[in-house]
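The next block holds one structure in the form of structure tokens; read it before the comments.
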Amino acid sequence: MGGWVSEVRDVGRHLRFIVLRTWDKKIQLTLKRGVAPDELFDVTDNLTQETVLVAYGEPAPEKKARAVDLEIIPERIEVVSRAEPKLPLDPNWKVPALLPTRLDNRPLDLRRPEVQAIFKITASLIRGMIDWLDEHGFLMVFTPAIIGGASESGAEVFRVDYFGKEAFLRQDPQLHRQLTILGGFERIYDLGPNWRAEPSHTTRHITEFRSLAVEMAFISDETDVMRVEEQVVVSGIKRVLEERSRDLELLGVELEVPQTPFPELRFPQIYDILAEFGKEIPYGSDYDTESEGLLWRYVREKYGSDFFFVNRFPFEAKPFYVMKAEPPWARSVDLLYKGLELSSGGQREHRYEVLLEQIREKGLKEESMEWFTKFFRYGAPPHGGFAIGIERLVKQMLDLKNIREASLFPRDPERVLP
RNA sequence: GCCCGGGUGGUGUAGCCAGGCUAGCAUAGGAGCCUGUCGAGCUCCAGACCCGGGUUCAAAUCCCGGCCCGGGCGCCA
């Protein structure tokens, strides 16, 4: 078996314990002088923490070590890769490192079982979500990440030199998901990366994140989308509970399957709720970050839920492609989890003439969006969908302080390495 | 983008406001002791004030500039 040296303890001259860390257990190698060959003591003299060993041997007849999963009496030990003595952070966490130090030295940080737990949980979460989608007739597709046409809203995008032409990294798979629907695929999902060139300095933004983006045709209205979205989330959380109870315990997280349907708040009633908390938002305007926290408090007290939808956002706050409801509102839905926006979605506008009108209303040039809009001339079903930010979902589910902890190698305005 | 805060051994911190003895502690590292440890214990050793300028008899400490980082807001997932 192979692993990283977590600890070496000499107890007297005749006994040495070496604790190895593997990705799923702790193993103690026990060396007794007189029992173990002297050469095993020789090769393990001056072992440094985090050195990689491969050991061969049999389990001890009686496991006396309590704090490990396995106790081995080694017959042979190979020092595969000796770690330098001064580590940039301590994976044993005797001295906790700060987040920037952790991220600068992420491969060492990732050795901690608590950190690995985050990504094991993420894998189960995603598996649970996409299994539900597969079981309900959704097809996994991959839409492009490099987009040649103008961006959907003029929000900050990364520019790419595409053989001398200008292209952009997608902020969202939104437009191509819709075009895939126009391609006759009635239920799809796309799991992939998105990029935002926003120089945001917060604990809930990174410049590269992944989303699970779902789109479905022949919906009655945006509530069909909400019913799918909550089932996807519930299915993911159920899977985490089934497969990762030990990892949840390691992180000290108590997780429950949320009740469905999730509570739904709508504009303009939102303004009245916020007013109860003394928060005045001008009628017809979007709410701010503080409001998200206030609405969560409201929903928790009234419905006891950590999840809730917000529906009927002001059209002026949303992109051109959303479908309008009674003016000035739109069939545009956000899902919030513990007061943080997890996803945006809703019903899309599929009527060509209306779509063009909305593009003009947003002050965009019709020509710039023609690569997208022209296909709505040839038969477009009513449709809608949503995109859930994976890292945000994980952050909220595990009560992580910073979204960067939910990303293996996070990218933010100051960090593109390692 | 706007605003606020912070950079002390490898890591994490005390000291800064009220400038002044060999910059304290923990952990990791080196040397040694201890026959089963339980993030073991004990003794000793080595290791640091982000960069530049200024004020002062004296600067980690006060002032200015720079660099780097963190956070809040905006915007969003």
Side-chain angles (χ1 to χ4, degrees), chain A residues 5-19 21 26 28-35 45-50 60 62-68 71 73 83-105 108-109 152-157 170-174 192-213 286-290 292 313 317-319 334-337 340-345 386-396 401-404 406-407 412-415:
Chain A
V5 172
S6 157
E7 205 175 348
V8 181
R9 283 192 298 267
D10 281 336
V11 182
R13 201 172 299 165
H14 306 289
L15 200 54
R16 173 172 292 166
F17 302 113
I18 301 166
V19 179
R21 185 182 56 245
K26 275 187 169 181
Q28 176 173 283
L29 307 178
T30 300
L31 283 71
K32 266 186 199 169
R33 211 174 275 281
V35 178
D45 272 341
N46 308 312
L47 270 188
T48 49
Q49 194 186 317
E50 299 307 316
E62 181 193 3
K63 181 165 98 74
K64 294 183 188 170
R66 268 178 281 154
V68 298
E71 184 172 350
I73 309 297
E84 289 185 15
K86 295 205 170 178
L87 299 169
L89 60 78
D90 174 17
N92 284 340
W93 220 234
K94 286 183 185 174
V95 178
L98 300 175
L99 188 58
T101 306
R102 292 175 51 196
L103 298 179
D104 287 344
N105 302 282
L108 275 89
D109 184 49
E152 63 186 63
S153 64
E156 296 299 323
V157 289
R170 74 181 187 191
Q171 309 165 274
D172 191 283
Q174 169 69 26
N194 307 293
W195 294 270
R196 302 280 164 91
E198 295 283 347
S200 300
H201 295 99
T202 79
T203 56
R204 57 186 189 281
H205 290 91
I206 42 183
T207 52
E208 176 179 302
F209 64 96
R210 313 196 99 77
S211 67
L212 177 61
D286 197 2
Y287 56 59
D288 57 14
T289 303
E290 188 192 9
E292 292 179 334
F313 276 88
K318 292 291 174 180
D334 280 8
L335 175 62
L336 285 84
Y337 183 17
L340 180 66
E341 182 182 343
L342 277 194
S343 85
S344 281
F386 59 90
I388 299 183
I390 300 295
E391 291 87 348
R392 281 196 172 182
L393 174 53
V394 171
K395 170 185 183 286
Q396 295 305 87
K401 287 202 182 85
N402 195 308
I403 194 168
R404 280 157 249 231
S407 175
D412 65 36
E414 355 285 338
R415 175 176 281 107

- [ ] Under 4.0 Å between any heavy atoms, over every strand shown, what does A:Ile206 touch: base, sugar-phosphate, or nothing? Just pick one.
- [x] base
Of the listed B:rC38, B:rG74, B:rG12, the closest approach to the A:Asp288 side chain comes from B:rG74
Exercise. Side-chain donor or acceptor of A:Lys32 under 3.5 Å from a matching atom on the base of B:rG36?
Worked result: yes
Counting only N and O atoms by type, is there a donor-acceptor contact under 3.5 Å from the side chain of A:Arg392 to the main-chain atoms of A:Phe209? no
query: Can a side chain N or O of A:Arg9 be found less than 4.0 Å away from OP1 or OP2 on B:rU35?
result: no
Out of B:rG70, B:rU37, B:rU13, minimum distance to the side chain of A:Leu98 belongs to B:rU13
**Prompt:** When you compare B:rC16 with B:rG6, how far apart are their P atoms, in angstrom units rounded to a whole number?
**Reply:** 14 Å
Closer than 4.0 Å, any side-chain N/O of A:Thr289 to the OP1 or OP2 of B:rC75?
no
Touch class at under 4.0 angstrom, heavy-atom based, for A:Arg415 against every strand present: sugar-phosphate
- prompt: How would you label the contact of A:Thr30 with the nucleic acid (heavy atoms, under 4.0 Å): base, sugar-phosphate, or nothing?
  reply: base
CG of A:Asn105 to CG of A:Leu89, rounded to nearest 0.5 Å, is 5.0 Å
* Asked: So, is A:Arg13 close to the B:rC34 phosphate, meaning a side-chain N or O under 4.0 Å from OP1 or OP2?
  -> yes
With a non-hydrogen cut-off below 4.0 angstrom, is A:Pro96 in contact with a base, only sugar-phosphate, or nothing? sugar-phosphate
Quick note, A:Glu198 side chain, CB onward, closest among B:rG70, B:rC75, B:rA28 is B:rC75
Assess whether one donor atom and one acceptor atom, taken from the side chain of A:Arg210 and the base of B:rA77, lie less than 3.5 Å apart.
no
note: A:Asp334, atom CG; B:rC75, atom C1'; distance rounded to Å ~ 13 Å
Review point. Which part of the nucleic acid does A:Gln28 contact within heavy-atom distance under 4.0 Å: base, sugar-phosphate only, or nothing?
Key: base
- Query: Taking the side chain from A:Asn402 and the backbone from A:Arg404, do they hold a donor-acceptor pair closer than 3.5 Å?
  - Reply: yes
Sticking with atom P, work out how far B:rC42 lies from B:rA28, rounded to a whole angstrom. 12 Å
Next on the checklist: Taking the basic N atoms (NZ, or NE/NH1/NH2) and the acidic carboxylate oxygens, is any pair closer than 4.0 Å for A:Asp334 and A:Lys318?
Outcome noted: yes
task: Remember a base hit wins even if backbone is also touched, and classify A:Ala97 as base, sugar-phosphate or nothing at under 4.0 Å, heavy atoms.
output: sugar-phosphate
task: Please check if the side chain of A:Lys63 supplies one atom and the backbone of A:Val68 the other of a donor-acceptor pair under 3.5 Å.
output: yes
By the Watson-Crick or G-U definition, both distances under 3.5 Å, B:rA26 is matched with B:rU11
Exercise for the section: Would you confirm whether A:Thr202, through its side chain, and A:Arg204, through its main-chain N or O, come within 3.5 Å as a donor-acceptor pair? Expected result: yes
From NE2 of A:His201 across to P of B:rC68 the rounded distance in Å is 11 Å
Same-atom distance (P) from B:rC2 to B:rC21, integer angstrom:
41 Å
Among the nucleotides B:rA77, B:rU11, B:rC76, whichever has the atom closest to the side chain of A:Ile403 is B:rA77
To the nearest 0.5 Å, atom CD of A:Gln28 lies from atom OG of A:Ser6 at 10.5 Å
To the nearest angstrom, the CD-C1' distance between A:Glu391 and B:rC76 comes to 14 Å
Taking B:rG29, B:rC38, B:rU27 as options, the one with an atom nearest any side-chain atom of A:Pro85 is B:rG29
pair_partner(B:rU35), Watson-Crick or wobble, both distances < 3.5 Å, evaluates to none
Do A:Glu62 and B:rG36 share a donor-acceptor pair, side chain to base, under 3.5 Å? no
Under a 3.5 Å limit on both distances, the Watson-Crick or wobble mate of B:rC2 is B:rG72
Subject >> Whole-Å C1' distance, B:rG7 and B:rG66 >> reply: 13 Å
### Message
Taking any heavy-atom pair under 4.0 Å as a contact, classify A:Asp10: base, sugar-phosphate, or nothing.
### Response
base
Nearest heavy-atom contact between A:Asp104 and A:Arg415 is OD1-NH2, 2.7 Å
To the nearest angstrom, the CD-C1' distance between A:Glu156 and B:rA77 comes to 16 Å
Pairwise P distance, B:rC63 and B:rA23 [rounded to whole Å] = 23 Å
Scanning all shown strands, the Watson-Crick or wobble mate of B:rC57 with both distances under 3.5 Å is B:rG20
Classify the nucleic acid contact of A:Leu15 as base, sugar-phosphate or nothing, counting any heavy atom under 4.0 Å across all strands shown. base
When rounded to whole Å, the CG to C1' distance for the pair A:Asp104 and B:rG7 reads 14 Å
*Between B:rA26 and B:rC73, how far is it from one C1' atom to the other, in whole Å?*
37 Å
- Message: Could you check whether the side chain of A:His205 and the base of B:rC75 have a donor-acceptor pair of N or O atoms closer than 3.5 Å, going by distance alone?
- Response: yes
All heavy atoms of A:Pro88 vs all of A:Thr101, minimum pair found to be O-CG2, 3.6 Å
Original post:
Does A:Glu71 use its side chain to pair, donor to acceptor, with the backbone of A:Ala65 at less than 3.5 Å?
Top reply: yes
Q | B:rC75 phosphate, OP1 or OP2, under 4.0 Å from A:Ser200 side-chain N/O | A | no
Taking only side-chain nitrogens and oxygens of A:Asn46, does any of them come within less than 4.0 Å of OP1 or OP2 of B:rA31?
yes
- Whole-angstrom distance between B:rU13 and B:rA31, as gauged at atom P: 29 Å
Quick note, A:Arg196 side chain, CB onward, closest among B:rA77, B:rC38, B:rG72 is B:rA77
Worksheet item: Hey, is the side chain of A:Asn402 poking within less than 4.0 Å of OP1 or OP2 on B:rG71, counting only N and O atoms?
Response: yes
From CG of A:Leu31 across to P of B:rU37 the rounded distance in Å is 17 Å
*Take atom P in B:rA58 and the same atom in B:rG54, then report the distance between them in whole Å.*
12 Å
Atom CG of A:Asn105 and atom P of B:rA28 are separated, to the nearest Å, by 18 Å
Quick note, A:Ala65 side chain, CB onward, closest among B:rG10, B:rG36, B:rA77 is B:rG36
To the nearest angstrom, the CG-P distance between A:Asp109 and B:rG12 comes to 11 Å
task = Give A:Glu71 one of three labels, base, sugar-phosphate or nothing, depending on what nucleic acid heavy atoms sit under 4.0 Å from its own.
result = base
Closest to the 5' end of RNA chain B, once A:Arg102 and A:Phe209 are matched to their nearest nucleotides, is A:Arg102
